[in-house]
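In what follows, a single structure is set out as structure tokens and then discussed.
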Amino acid sequence: MDVTIKILRYNPEVSEDATWESYQVTAEPTDRVLDALHKVKWDLDGSLTFRRSCAHGVCGSDAMRINGKNRLACKTLIKDVNPSKPITVEPIKGLPVLKDLVVDMEPFFDAYRSVMPFLVTTGNEPTRERLQSQADRDRFDDTTKCILCAACTTSCPVYWTDGQYFGPQAIVGAHRFIFDSRDEGTDQRLEILNDKEGVWRCRTTFNCTEACPRGIEVTKAIQEVKRALIFRR
Amino acid sequence: MTGPDTGPSSRHPMTGNRMDPGDETEPSYGTGFETHAYDVVVIGAGGAGLRAAIAAHDAGARVAVVCKSLLGKAHTVMAEGGIAAAMGNVYAEDGWQVHFRDTMRGGKMLNNWRMAQLHAQEAPERVMELEEWGALFDRTPDGLISQRDFGGHRFARLAHVGDRTGLEMIRTLQQRTVALGIDVFMECTVTEIFTDRSGPAPTVTGAFGYWRETGRFVVFEAPSVVLATGGIGKSYQVTSNSWEYTGDGHALALRAGASLINMEFVQFHPTGMVWPPSVRGILVTESVRGDGGVLRNSEGERFMFDYIPEYFKAETADTVEEAEGWYADKKNNRRPPELLPRDEVARAINSEIKAGRGSPHGGVFLDIASRRDADFIRRRLPSMYHQFKELADVDITAEPMEVGPTCHYVMGGVEVDADTERSKVVGLYAAGEVAGGMHGSNRLGGNSLSDLLVFGRRAGHNAAYHAYGAAQDRPRIRDEEVRAAADAALAPFRLEEDGGAENPYTVQKDLQDVMQRLVGIIRKADELTESLAEIGRLKERARHLLVEGHRQYNPGWHLALDLANMLLVSECVATAALAREESRGGHTRDDFPGPDPEWGARNLVLTLEGDAVRLEQQPLPVMPDQLKTLFEDA
């Protein structure tokens, strides 16, 4: 079938303004939006720029706004985004655009790093693995599925307007350790998230949960962190 | 907590973005370069690269990690099955000797025995260290790290978390990197290793690269460089590998004066997706078979029983009854033939398809739906469930998958010293997929993640110690080398002015077609000869690439530079494949169908002389008698 892909192009070397460009490609309904973008790049315009690595939803490189919704281009089938009309593709919102669909990820990684995303323990190093029951391990299973694609953070209306807000991903990243039975850094982490730009900025709009390509219940995780803050002593 | 000692670097440690643009130095090479001095530069940020960086940091070295993608996106992230380590958590009778023996037999005894030994001995410690750093693992009822069954492994030995072990491993190493404050240069590609050639052996002086974002050049001054760049799969049409896999480290090593071994051995994973076409090649984890999945042809026949080789007869079930009994009672039954090493299963699938017993889209059926209940499948194989649901509209709890071989891994790589991971170039180390020797002619599933950890750590550690020894009077990068490297990197733009007309994407596609057709899973002398002629023609075409635009984030230019590596590495694969006149592991010759004991005692070594690839035979390192007895008992 013939499909029209409408891409928001931006090249600061050419112009200050981003412009919509349309491309016609032939695609199977079961092709992914990523395949259509590759066709544009390989056959029509070699300068089209976007990130991708694994191409099946594990590495989290190709989050973009497709028909106005944050998705991974490698997991979005053409037939699911109404190909009878032009399919719009633009960069994720809230991060500076560098070129075409590539955004500066630094503010996102900055938030990721700020919640101490590593296990904090005290005492002697164990000689074997620490014991952890399957139930304790399941407690934070959901938030370990994160692939750092930024789809959640850049779908959050609070993040769009308030660059100091950590954003959903950082809270997901903190949740992964706060609810890990082996971690001893919970107090420090909760203190960071208790900041006025911390979890309390979340307005539970559920955009993040809807945007997560891994099906993580992001809003629920944020609520659990809020509850942990309220009930801690 | 995250504020590292940035040393002379004014780049942000995680992104490499300039924090103080005014601080950039303009060294003697002239303008247009930024320079950074480190003790150890690690190229690649997958499992091996990050583990090497952590080890070098722990040894006190100033370390930079340089990677083509964003941190955390490297190919390791895609590993599904687990980390092979004889921890004995599920089977107490497991031990390094058994793991060593399985690895050597899986590689058809062509492995570097010392690497296989170190790997088997140190893997458990590396897994426990990951746990100590916070990695999530599935657990046994006693709360120990759980271990799962995989092809070629005598005991259940793969430490895992669901079917996303690679993701958890890279995230844990990434977290550790953040906690230690190691400098990471993201989206920065290295195009050259600088060496001093005045001594008896070439000696590393640094590396040259460019920022993908700005196209600006970067010079790293460092006495030690660790290559951890992964594999070469993007030279094939049907592959499970991601775009980064263009053989960069293999090519960098050759050009720096190092040697490659075992390049004829390319692993085709037996189960890649075959439908729809856009996702052809994407991996279907071996865990599907470990957890009860079986392979069937179009006649519904469980065909693997027809393909049990003599070599593995003693340990493989030859009746359906025994194979079925194994899942419940592993001590008293032999393993199902679906769990033979990957090369055996891939060849069997290939034969079934060729004989006309394939599935509608040119694969065979992998069936777990009729054998395990839906809850079990969704719990044990969540990623596979979603992958098929979302990409192929197939519910693997209700219908069989269609699968076929896909280019997955290169056993060959940089020839290194087994204990130190040092190549023939002083100061140049290699670890992970880019290194050769460990896996012989065929890698067992699960042995890759453990390889990354064991040899990543060793490489990083030894690179750091080399840097101390090299401290003050070491040779420096010469100005003309930097100018030459910049010149080479800019060549694709200059050729545009010469009237170049080749689209780099077209040349890449043509190379993939040649490698798939002529240097694929089954090989013949005349086809390999033809492939070398084709590669020669493609090299010529690659001299006339047309790259549009400028240096700022220009994917066409990036590919033009990667393409040179792909062509060189493809030539090495084809050259070695033509020379090895036998079939063994990941190298199957239609014209020499059996293994040959004489070839079994020899490695093929490739080097670069000028622009020409040179091939030599070299005897295999001899295993000590003490280890040989492990094979007699079997």
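Below, chains carry the letters A, B, ... as their sequence lines are ordered, and counting in each starts from 1. Heavy atoms only: backbone and side chains are in, while hydrogens, waters and symmetry mates are out.
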Between [X] and chain A, which part of the residue has a heavy atom less than 4.5 Å away: side chain, backbone, both or neither?
{"X": "F137(B)", "result": "backbone"}
{"X": "N241(B)", "result": "neither"}
{"X": "E132(B)", "result": "both"}
{"X": "I282(B)", "result": "side chain"}
{"X": "Q552(B)", "result": "both"}
{"X": "W243(B)", "result": "both"}
{"X": "A392(B)", "result": "neither"}

How close do [X] and [Y] get, heavy atom to heavy atom, and via which atoms?
{"X": "T49(A)", "Y": "P555(B)", "result": "OG1-CD, 3.4 Å"}
{"X": "F118(A)", "Y": "V178(B)", "result": "CE2-CG1, 4.2 Å"}
{"X": "S242(B)", "Y": "S53(A)", "result": "CB-O, 2.9 Å"}
{"X": "N554(B)", "Y": "K99(A)", "result": "CA-NZ, 4.3 Å"}
{"X": "L167(B)", "Y": "K145(A)", "result": "CD2-O, 3.9 Å"}

Under 3.5 Å: donor-acceptor pair, side chain of [X], backbone of [Y]:
{"X": "R171(B)", "Y": "C146(A)", "result": "yes"}
{"X": "S278(B)", "Y": "D35(A)", "result": "no"}
{"X": "R128(A)", "Y": "M128(B)", "result": "no"}
{"X": "K73(B)", "Y": "I147(A)", "result": "yes"}
{"X": "N503(B)", "Y": "D43(A)", "result": "no"}
{"X": "Q134(A)", "Y": "R139(B)", "result": "yes"}

Does [X] reach the side chain of [Y], with side-chain heavy atoms less than 4.5 Å apart?
{"X": "R51(A)", "Y": "E187(B)", "result": "yes"}
{"X": "M87(B)", "Y": "E129(A)", "result": "yes"}
{"X": "L136(B)", "Y": "R176(A)", "result": "yes"}
{"X": "T144(A)", "Y": "R164(B)", "result": "yes"}

Inset, instruction - Considering only heavy atoms and a distance below 4.5 Å, find which of A55(A), S47(A), G60(A) pairs most often with chain B. - result: G60(A)
Legend entry - Winner by heavy-atom pair count (cut-off under 4.5 Å) against chain B, out of D136(A), D141(A), D183(A), D180(A): D141(A)
Legend entry - Winner by heavy-atom pair count (cut-off under 4.5 Å) against chain A, out of H386(B), M78(B), K68(B), R212(B):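 Counting heavy-atom pairs under 4.5 Å, the top option is M78(B).
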Inset, instruction - Tell me, out of L391(B), D138(B), N89(B), who's got the most heavy-atom pairs with chain A below 4.5 Å. - result: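 Top count of heavy-atom pairs under 4.5 Å with chain A: D138(B).
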Legend entry - Check ion pair R32(A)-E390(B) (N to O, under 4.0 angstrom): no
Legend entry - More than 12 heavy atoms of other groups within 6.0 Å of K39(A) NZ: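 Yes, NZ of K39(A) has more than 12 neighbouring heavy atoms, counting only those of other groups under 6.0 Å.
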